[in-house]
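Have a look at the structure below, then the notes.
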Amino acid sequence: MSTVGYYRYKAVFNSDSDVNLYINQEIVATKSVKVRPVCDEFKIIKYLNKDGQYRFFNFNRFWESRDKPREIGRANKIITSLLDTQSSSSSIGYKNDKTITVYADDVSQEELILLVDLWTSPRVYLYMGDGTTYDISDWVEVSIKSKDNLNRIKKGGYQDLFMDIILPEHYTINML
Amino acid sequence: MISSLNLIQDNKVVNSDLMAIHSPFIFLVDAIYTGEVLFIYCKIYNESDQLLNTFKCIPYKDITATQRRFMFVANSILQGEMEGFEDFAQSVGSFVPVPDITKKFKLVFSDPDDVADDLEVEIMACHGVKQFGSSPNMSEIYTNESETVTGVKGHPVYVYFYNDNASNVISLSDIYTATLIVSDSSGFVNESAVTINGETKETDTGGEVSFQLENGTWNYTIKKYGYATYNGSIVINNGNITVNVTLTELTLKTITFTLDKLGFDGVRSVVIYWNGEIVANGLTTYLGNTVDLDVYVTETYTVFGEANFCSGKADYSEENELTALDTVFNIVPYEDLPQLEFTFNVASGGVDVEDAEITSNGVSPILCYSAAILTNASGIAIVDFFFPIVGTPPIGGSWSIMNYHVTKVGYSTVTGTGEVVLSDYNPVSGKYEVTINITLIPE
């Protein structure tokens, strides 16, 4: 007995591979896994595609991050001594918006077509683990932003890709 | 007053049987009316026809003086009714079902005054990002068409397949037959329990049992009383396999089970459980406290000794391994039972009644007592005994301990149930104390 609906196979591949589905001991479907190379300190995102399936894509190590800290606000403070009081106000706290710009080299036309769903995906996650585990807790939900991506058929068929990954607001420090 | 409701925009695209809820979509309904109409309702039902929510549709624009168009923005609401669809934890190498990405809903647009006929719209909502104007279809989504999945080298990737029939046996590799033939020193062993991959089957008279398995290494366990438990593993590699297993026979030995007299006064039983089944049991004699039982060694058993609760001790139940060297096994109950005290105040017409007898179910003397229990000159009788109160009280909040009868010649018998609740416990005395007031009626 089995369940009607989708089944998901989770596996690690080091080279391009085929995965076969057997139903009642007969091959009924084959899906091909095309493996992208990686380098140290790469970035991986996971996103929900138009069919409700999670897909992965990686970017190279030449990423940039930008922090945009700003103060939340200040509150007045009662001055009890003019001799040693340094300020008449206290900081309420700070917050930081962090954005990572990632790049991918030599993205093929086929990969670009598969990535179309990324721009409008309702669930995009960035891998924040150390590479030894791939648990749910190693992923943080993010939002993405990109300039217009032109998918031009070029000689050689590859082009570069970049986009901004906006991490959730954090580092909020309240000092009151 | 609304006379009719008409659906103007249903969000269906030609040849599409799905609505991608991550696209914006708005239902437009025209109400033909007279007088004034401020809103219409939209009720959302799930596949089981359960009402999930009711909304008011807001006016969009007036088409004519008697035709007003209402709008209902559905996508964000239906997103809330769908599964969250976050990713879930899955171990590498596993092949598991995933939540369905579609859900049926029924939208019912209705007149607040319930005059016009309701307008029903059935939709199949799906997770997905196909924008309005595209034509998502179940045949496109629920498919096993060849597909290329991008993976990251050395990093887990997901590959999805679709199963359309619950009777299918699905796998990622071909299934092969693993046959185990179980024997002992004298021949085949039947009815031995073989467990592989969470499935347990028994060997037949030829000692054979078969399992359908994919490629890989599979651990198995074989159990039968009288034999040492056998643990092994088999490797399936693109072919059927037959494995011969020889079980080691254990030695049957007579063990004398001795009950500690203080805790097990009277004729009491000893029951031996192996793997959840009774394999030996016996009764001790009244004056003696031992029973000889034959069990196989070396094995682990649950030894159960039934206590006489008049001694104030609970039954004994504990797992123990009996080795080939064991000849005597002593059972000493160590758990004290809670002590109960029922105080009976017996009176008639405001006058204390002496020599009224207290019995249990009409039987005298009460269990654990050697003589009848009679009220004293103050009409008081105290009944003390032990009882295995465990856990929380049953429904009603109390334990029913004793069906008492209070009798005296010349009076009608009074019956009742002595009940105990947790709050009856007195930490000073260490007993559960209950007072029962009895009024006897002269005959």
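This one's a predicted model, so the numbers in the text were calculated from it and none came from an experiment. Letters go in sequence order (proteins before strands), and every chain restarts at 1.
No other option in Asp135(A), Val4(A), Asn20(A), Asp18(A) has as many heavy-atom pairs under 4.5 Å with chain B as Val4(A). Of the listed residues (Ile44(A), Ile27(A), Thr30(A)), the greatest number of heavy-atom pairs within a distance under 4.5 Å of chain B belongs to Ile44(A). Taking chain A as the reference chain and counting heavy-atom pairs below 4.5 Å, the highest number among Val149(B), Val92(B), Thr148(B) is found for Val149(B).
Lys153(B) NZ to Lys34(A) NZ: the interatomic distance, rounded to the nearest 0.5 Å, is 13.0 Å.
Around NZ of Lys56(B), the count of heavy atoms belonging to other residues, nucleotides or ligands within 6.0 Å does not exceed 12. Shown here is Lys106(B), whose NZ atom has more than 12 heavy atoms of other residues, nucleotides or ligands within 6.0 Å. By the 6.0 Å contact criterion, CZ on Phe55(B) is enclosed, its count of non-hydrogen atoms from other residues, nucleotides or ligands being greater than 12.
Asn14(A) touches chain B through backbone and side chain together, each having a heavy atom under 4.5 Å away. For Ile23(A), the parts lying under 4.5 angstrom from a heavy atom of chain B are both the backbone and the side chain. At a 4.5 Å heavy-atom cutoff, the contact between Phe13(A) and chain B is made by backbone and side-chain atoms alike.
Salt bridge annotation for Arg8(A)-Asp87(B): present, with a cationic side-chain nitrogen under 4.0 angstrom from a carboxylate oxygen. Under 4.0 Å is where a charged nitrogen must lie from a carboxylate oxygen, and between Glu147(B) and Arg55(A) at least one such pair does.
Listed for the Asn144(B) side chain is no donor-acceptor partner under 3.5 Å among the backbone atoms of Ala29(A). Side chain of Lys31(A) to backbone of Tyr160(B): a donor-acceptor contact under 3.5 angstrom is found. At distances below 3.5 Å, at least one donor-acceptor pair connects side-chain atoms of Asn24(A) with backbone N or O atoms of Val169(B). A donor-acceptor pair under 3.5 Å links the side-chain atoms of Lys10(A) to the main chain of Gln90(B), judged by distance alone.
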Checklist entry - Under the side chain to side chain contact (heavy atoms under 4.5 Å, CB included) criterion, do Tyr158(B) and Gln53(A) qualify, and how do the steps go? => result CA-CA 8 Å; Tyr158(B) 298 139; Gln53(A) 299 173 357; over 6 Å; no

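In this structure the side chain of Val159(B) reaches within 4.5 angstrom of the side chain of Val33(A), judged on heavy atoms. Side chains of Tyr22(A) and Leu172(B) form no contact here, defined as non-hydrogen atoms less than 4.5 Å apart.
The minimum heavy-atom distance linking Val19(A) with Phe161(B) is given by the pair O-CZ, 3.4 Å.
Ring orientation note: the planes of Tyr7(A) and Phe95(B) are tilted relative to one another, at an angle of 30° to 60°.
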